> 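I'd like to ask you about the structure that follows.
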Amino acid sequence: MAQGSRQEVRKRSLDPDSDAIDGERWLISIGYTDKSTKNVMVGLAAIELECGYKVYVGDCALHGLELWLQEWCQKRISGVVVASERISKLVTQALPEDVEVFHISSSQFDCARGRDRLEKASMSQEDLPDALAVFNYHGSVNALFDFMELSYGLSPHNKSIQVHQMHVEGLMDPISVHCQESLNVFNAIPGGTEEEKGAQSLFHMMNRTHTKGGARLLRSNLCQPPMDVSIIRGRQEAVSEMVEEEQGFVQVLTALQNVPDDAERVFKNICLHMDHRKQLGIRGSGARPGPDNKVTRLTLGFLGLKMFSESLQVLRNAVDPFRSDVFRKFKDTMDQAGGGELLELFASLFSENLTTQKAAFMSRSQQIFALKSGHPLLDVYRKTFCDATEGVHELANVCKVQNPRDFANLSVRYAEQRGFFFHVPIPHGQPNAFLEDYQGDTHNALPQGFVVLVNQGKAVQCTCDELNALNMRIATAAKDCIAITEAILDDKCGYIVENFLSQLVSMYDAISEIDMLAGFALLATQKQGYSRPVVTTYGPFVIQDGRHPMMEERIEEYQSNDTWMCEDSTVQVITGPNLAGKSTFLKQNGLLVLMAQCGSFVPASFMCLTPFKNIIMLKDSVHLGTTGISSSTQQSMKQIAHAIQHASKQSLILADEICNTSSSLYDTALCWAIAEEFLMLQCKTLIATHATQLCSLSQLYPQCRCFTLSARNASQDNDSGIEYTRKLRRGRPHESERYGIALAQNLGFPPDVIETARNMASILEQQISRKVLVESLPGLHQETVAFGISSQVACIKEMFSSGDFTPEDVFESLSKIRTSSS
């Protein structure tokens with residue numbers, strides 16, 4: 001980071017009237033902030049320094065950062081502020097060489113402080129994507145403002161900045177933390193046994209990867225799935241191939257298990273072996289490693305690269321029978337990467353028996369003998385090292401012969417700091433002769449020329465002048481060997497970085513994708529009733545026999561349900577009693593969309609969708625952190641306002657029991673208005689509510705449909721009072737069933753209380769004259785059924801017009817409609 005302090009630089013305001021900085025245009029900040037997603041989401045913040053008052057912010061999954069950088073490489077960028085070596089490498093690969101990268105402390109990516117500073121500096125609160133929620137980009141904003149203040153002396157005035165939100169083309173908008181928690185993407189569903197809790201999140205249920213890169217890519221895709229139809233279809237084709245070709249699939253899984261777990265660390269050790277901070281344009285403090293540790297790290301790095309290259313060859317052979325685009329690109333890249341040349345380099349450079357060693361002396365020997373012989377000076381120093389080492393053992397034998405009583409059990413030990421020393425155990429009850437007269441001064445009790453280093457009670461560690469001399473010869477020879485080895489490895493390492501590293505990193509990214517897709521295939525084969533979704537550029541949103549991917553593991557006979565939505569049916573109002581499954585149905589649709597857009601098969605007999613741009617979860621009493629607003633209702637209202645501002649035809653809205661204030665009348669009115677707004681926006685919307693008055697929307701708007709999760713009053717023997725079928729059916733619930741009163745009766749409420757409740761329910765029902773009039777219309781049930789069938793027919797029409805379905809598929813869907821309506 002550029003040096004400076006608040007006292008050394010002169011502050012200038014960042015307002016519309018400030019002068020541009022000569023020769024500079026954009027300053028960007030990119031960093032990790034949200035630990036809940038384990039460093040797969042990054043926050044982006046960019047300021048246009050030429051005008052000085054436009055700030056662009058946004059969140060992006062790590063796999064989408066490269067796409068975003070490719071878009072921005074066309075602009076003039078003066079610098080990029082980062083807090084991660086991984087991000088710095090992506091930046092230097094994607095942006096021009098003259099773009100300087102500044103490495104700062106990750107503590108400056110403070111989300112809470114960045115949110116407050118952005119809110120104060122924004123010209124209008126409407127510019128903020130969501131003033132209440134904490135996003136990853138808030139940390140990047142704070143780091144950006146800190147860097148500008150220290151480096152340029154610039155600080156924003158209050159109400160002086162226009163805030164714009166950035167989007168990454170080809171990817172869905174990042175799933176908000178609130179939506180992730182509501183859908184249980186990464187957090188476990190409450191309840192269940194201890195064994196179930198570990199697998200009760202979508203990530204843990206889908207994670208069947210074998211590499212760290214594959215698990216990270218899965219997590220990143222669940223945070224921000226792709227929208228590109230060709231990418232999704234390519235992934236689905238690869239999954240289908242692995243599901244169908246069982247023998248080849250087993251070989252792929254076996255090859256993935258052989259990929260080293262620490263491949264990314266290996267790349268880091270190789271890439272950052274020299275003073276690559278300057279080469280990468282990174283400024284920052286950091287102690288330079290000593291030669292011993294450096295050679296060890298480089299040797300282990302080369303050994304890891306060798307193992308990685310060998311695993312690449314095995315995986316290349318395993319995927320050879322597959323023909324989908326994902327595997328074809330992997331094979332083409334593999335053929336062009338020169339893996340065979342790299343293996344030949346390793347074979348010519350390193351000893352064949354080179355392995356990882358942890359013992360101190362073996363590790364030192366590995367540093368000295370890692371390279372093959374052939375260097376004249378290196379061979380001389382190695383001979384000196386070996387002769388001195390043999391001298392140590394010869395000295396130990398001489399000591400045993402000359403002092404058989406004292407050194408009968410003497411052994412040679414090695415420590416990294418002290419070198420070789422003698423370890424002499426003292427037999428229990430039979431102290432050695434040289435310790436019989438020990439009076440606190442062990443030095444006088446040893447044979448002449450020996451000194452005790454450590455007295456361990458049951459043994460002593462000692463040395464002598466001749467052993468010290470041998471240790472000096474060994475240390476000098478080892479130092480010379482390591483210096484020559486370091487020079488050779490530096491040269492070879494630079495050659496590998498220049499000619500192979502970028503291809504190897506690309507190969508690892510390809511392996512991560514194959515690993516993730518292999519996990520999808522493994523999921524489809526291990527689970528029952530999973531099918532491949534149909535992804536279209538234009539078409540309906542249809543799910544037949546859909547199931548909640550995690551809840552079906554808890555319930556033995558899970559009740560599946562259907563979803564039919566298209567341009568002629570965009571809003572569905574779902575009613576039903578508590579515990580009927582309204583929230584589960586909403587989450588089920590959101591989870592299946594996430595799985596489908598990641599490229600996975602889904603728990604449904606059939607699914608069709610056009611990729612969504614965003615998923616917005618609206619839930620009452622949301623927790624968005626400390627914002628200074630104590631009312632949870634105000635927070636949920638703010639969330640709804642944000643949804644209305646950012647919803648579009650490509651949005652999926654999941655509204656679960658929204659607008660629960662102190663008045664049910666005004667709540668219903670507000671819900672009605674919100675539903676009408678979503679109808680006008682034509683976004684796919686599922687509304688779960690207890691306000692049955694919203695069902696009347698279906699009588700006024702043909703695009704709205706009303707459904708209920710059926711239940712029926714149970715016998716007196718049932719403690720719950722209600723039997724939940726959890727089956728979605730058309731129409732409004734039967735008010736005569738009065739589920740709450742039935743539940744209270746079977747739980748032991750006094751009879752007079754139950755009678756009073758029934759009388760009041762009758763009075764309240766009669767007061768809603770408009771609803772009574774609508775319900776009394778003849779043929780209402782037939783009209784509701786007709787509306788439902790017409791919406792499904794409209795969906796089939798969109799399916800047929802998209803060109804992705806055969807006439808047989810259409811006839812099959814029509815037969816299912818006929819069966820369900822009869």
Side-chain angles (χ1 to χ4, degrees), residues 40 61-67 70 169-172 206-222 224-259 263 308 311-337 339 502-525 530-537 594-602 609 611 804:
V40 297
L62 189 60
H63 71 279
L65 181 59
E66 186 175 357
L67 295 175
Q70 290 175 0
E169 293 297 328
L171 296 178
M172 179 190 284
M206 297 181 66
N207 185 21
R208 284 163 168 76
T209 58
H210 296 82
T211 65
K212 293 181 180 179
R216 183 183 297 110
L217 183 62
L218 171 60
R219 187 181 288 271
S220 180
N221 273 264
L222 291 176
Q224 193 173 22
M227 275 189 63
D228 193 304
V229 174
S230 61
I231 293 177
I232 300 174
R233 287 177 177 174
R235 291 180 174 182
Q236 290 179 337
E237 188 64 31
V239 174
S240 298
E241 275 192 315
M242 287 186 282
V243 171
E244 296 169 0
E245 298 289 339
E246 182 177 353
Q247 184 176 0
F249 181 37
V250 172
Q251 293 179 356
V252 170
L253 293 178
T254 304
L256 288 171
Q257 292 174 354
N258 295 327
V259 177
F308 179 71
S311 67
L312 282 179
Q313 298 292 338
V314 176
L315 184 60
R316 169 65 177 82
N317 296 332
V319 303
D320 190 63
F322 299 112
R323 295 292 180 265
S324 62
D325 289 342
V326 172
F327 293 113
R328 180 178 53 79
K329 291 178 181 178
F330 172 76
K331 289 184 286 187
D332 292 343
T333 307
M334 181 71 187
D335 295 339
Q336 298 172 5
S502 60
Q503 292 93 332
L504 290 173
V505 172
S506 299
M507 294 305 302
Y508 185 73
D509 292 339
I511 289 177
S512 299
E513 184 177 17
I514 292 176
D515 188 23
M516 180 184 71
L517 299 180
F520 293 166
L522 194 60
L523 176 68
T525 56
Y530 273 56
S531 64
R532 173 179 172 175
V534 178
V535 183
T536 64
T537 55
L594 280 179
M595 294 178 68
Q597 291 195 213
C598 286
S600 172
F601 286 18
V602 296
L609 81 160
D804 297 306

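What you are looking at is a predicted structure, and each value in this text was computed from that prediction instead of being measured. Position 1 is the first residue of the sequence; numbering continues from there. Values below: all heavy atoms of this structure, side chains included; hydrogens, waters and symmetry mates excluded.
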> I need the Lys331 NZ to Met334 CE distance, nearest 0.5 Å.
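Separation between the atoms: 12.5 Å.
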> Quick one: CD1 on Ile511 to OG1 on Thr333, what's the gap to the nearest 0.5 Å?
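Between Ile511 CD1 and Thr333 OG1, I get 11.0 Å after rounding to 0.5 Å.
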> Evaluate side-chain contact (heavy atoms from CB on, under 4.5 Å) for Met507 paired with Phe330, printing each intermediate quantity in order.
CA-CA 7 Å; Met507 294 305 302; Phe330 172 76; 3.2 Å; yes
> When rounded to the nearest 0.5 angstrom, what is the spacing between CZ in Arg219 and CG in Leu217?
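Answer rounded to 0.5 Å: 12.0 Å.
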> Indicate yes or no: does Asp332 engage Lys329 in a salt bridge with an N to O separation below 4.0 Å.
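Looking at Asp332 and Lys329, the cut-off is not met.
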> As a quick check of understanding, evaluate side-chain contact (heavy atoms from CB on, under 4.5 Å) for Leu609 and Gln597, giving each step before the final call.
CA-CA 9 Å; Leu609 81 160; Gln597 291 195 213; 4.1 Å; yes
> Checking Val239 against Ser600 for the side-chain contact (heavy atoms from CB on, under 4.5 Å) test, could you report, in this order, the C-alpha distance in whole Å, the side-chain angles of both residues, the deciding distance, and whether it holds?
CA-CA 7 Å; Val239 174; Ser600 172; over 6 Å; no
> Residues two or more places apart in sequence or in another chain: which of them pass side chain to side chain contact (heavy atoms under 4.5 Å, CB included) with Ile231?
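With neighbours one apart ignored, the set is Pro226, Asp228, Arg235.
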> Can you measure from CG (Leu256) to CG (Asp515) and round to the nearest 0.5 angstrom?
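Between atom CG of Leu256 and atom CG of Asp515 there are 5.0 Å.
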> Can you tell if the side chain of Leu222 reaches within under 4.5 Å of the side chain of Met206, non-hydrogen atoms only?
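Result yes, sub-4.5 Å side-chain heavy-atom pair found.
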> Is a side-chain donor or acceptor of Glu245 paired with a backbone partner of Phe322 at a separation under 3.5 angstrom?
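No, because the side chain of Glu245 does not come within donor-acceptor range (under 3.5 Å) of the backbone of Phe322.
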> Okay, side chain of Tyr508, backbone of Gly213: is any donor-acceptor separation there less than 3.5 Å?
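Flag set: sc Tyr508 to bb Gly213 pair under 3.5 Å.
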> Applying salt bridge (Lys or Arg N to Asp or Glu O under 4.0 Å), name anything that partners Arg316, two or more places apart in sequence or on another chain.
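With neighbours one apart ignored, the set is Asp320, Asp335.
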> Looking at Arg328, Glu241, Glu237, which hits side-chain contact (heavy atoms from CB on, under 4.5 Å) with Arg323?
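When side-chain contact (heavy atoms from CB on, under 4.5 Å) is applied between Arg323 and each of Arg328, Glu241, Glu237, only Glu241 qualifies.
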> How far does CG of Leu312 sit from CG of Asn317, to the nearest 0.5 angstrom?
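Interatomic distance, Leu312 CG to Asn317 CG, rounded to 0.5 Å: 11.0 Å.
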> Quick one: pull up CE in Met172 and CG in Leu594 and give me the separation to the nearest 0.5 Å.
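The CG atom of Leu594 is 6.0 Å from CE of Met172, to the nearest 0.5 Å.
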